[in-house]
Visitor: 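Have a look at this one before I ask anything.
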Amino acid sequence: MSEPETDLMDLRDRMRRFTDERDWTRFHDPKSLLLALVGEVGEVAELFQWLDADAAAEVARRDPLATRVAEELADVLLYLVRLADVCGVDLAAAARNKLTAAGDRYVAGDVRGVAPRRDRASATTSERGSAAALDAHRLSGDVKDRREVDQARTNLQE
């Protein structure tokens, strides 16, 4: 087991204990955790909202902002770990799988220095709706493989 994976498992276990000790498990349904996670991401966004884009990384490394960024990012991570746990997701494995798939989809030699674009970015409203419907079918089990969804999207755009 890798160190980051062990760290995630430790965080997951500590979050479970923290929640159990306070009898908060009943409040930690996926919807509530997701809303809390989104709120925390909003707090991170608020810290960067009016910073000049070119200087944001440098400014965020200096206090007092560095401390606030670290605190809010920690909140995001903790809610994400807890949400994954409640949903039964092995976050480390899911992240590894996602990174492998992204490496296959965005081959470094083909996209180096080019910002990736989403298939839906230039799609019409009808195509976006169809793509969303495909995602819903995939989630319901009608379409099982992500490649089937991607191929169906490609067919819609042709």
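The figures here come from the full heavy-atom set of this structure, side chains too, leaving out hydrogens, waters and symmetry mates.
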Visitor: In terms of hydrophobic clustering (I, L, V, M, F, W, Y; side-chain heavy atoms under 4.5 Å; direct or indirect links), are Val59 and Phe48 co-clustered?
Guide: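 They do share one cluster, since a chain of ILVMFWY contacts under 4.5 Å joins Val59 to Phe48.
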Visitor: Charged N to carboxylate O under 4.0 angstrom, Glu58 versus Arg62?
Guide: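 Between Arg62 and Glu58 there is a salt bridge, with a charged N closer than 4.0 Å to a carboxylate O.
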Visitor: How many angstroms lie between CG in Leu78 and CZ in Arg12, if you round to the nearest 0.5 Å?
Guide: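 Here the rounded value is 14.0 Å.
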Visitor: Can you measure from CG (Leu37) to CG (Leu33) and round to the nearest 0.5 angstrom?
Guide: 8.5 Å
Visitor: Are the charged groups of Asp85 and Arg82 less than 4.0 angstrom apart, N to O?
Guide: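 Looking at Arg82 together with Asp85, the answer is yes, because their closest N to O distance falls below 4.0 Å.
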Visitor: May I ask you to test the Glu72-Asp75 pair for a side-chain heavy-atom distance under 4.5 Å?
Guide: yes
Visitor: What about Val86 and Phe27, same hydrophobic cluster or not, with Ile/Leu/Val/Met/Phe/Trp/Tyr joined at side-chain heavy-atom distances under 4.5 Å?
Guide: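 No, no single cluster joins them.
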Visitor: Evaluate whether atom CD of Glu71 has more than 12 neighbouring non-hydrogen atoms of other residues, nucleotides or ligands under 6.0 angstrom away.
Guide: yes
Visitor: Is there a path of hydrophobic side-chain contacts, each under 4.5 Å between heavy atoms of I/L/V/M/F/W/Y residues, joining Val38 to Leu47?
Guide: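 Yes, Leu47 and Val38 fall within the same hydrophobic cluster.
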Visitor: CG/Asp20 to CZ/Arg17 distance, rounded to the nearest 0.5 angstrom?
Guide: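 With rounding to 0.5 Å, CG (Asp20) is 9.5 Å from CZ (Arg17).
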Visitor: Say whether, by atom type as modelled, one donor and one acceptor occur between the side chain of Thr100 and the main chain of Arg96 under 3.5 angstrom.
Guide: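 Side chain of Thr100 to backbone of Arg96: a pair is present.
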Visitor: For the atom pair CG (Leu83) and CE (Met15), what is the distance rounded to the nearest 0.5 Å?
Guide: 10.5 Å
Visitor: May I ask whether Val89 and Val41 are part of the same hydrophobic cluster, defined by side-chain heavy atoms of I, L, V, M, F, W, Y residues being less than 4.5 angstrom apart, directly or through others?
Guide: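 No, it is not one cluster - the side chains of Val89 and Val41 are not joined through contacts under 4.5 Å.
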Visitor: To the nearest 0.5 Å, tell me how far Lys98 NZ sits from Leu91 CG.
Guide: 12.5 Å
Visitor: In Å, rounded to the nearest 0.5 Å, how long is the span from CG of Leu11 to CG of Asp13?
Guide: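 These two atoms lie 9.0 Å from each other.
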Visitor: Answer yes or no on whether Arg22 is positioned over the face of Phe18, meaning its NZ or CZ is under 6.0 Å from the six-membered ring centre and within 45° of the axis.
Guide: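 Ring-cation test returns yes.
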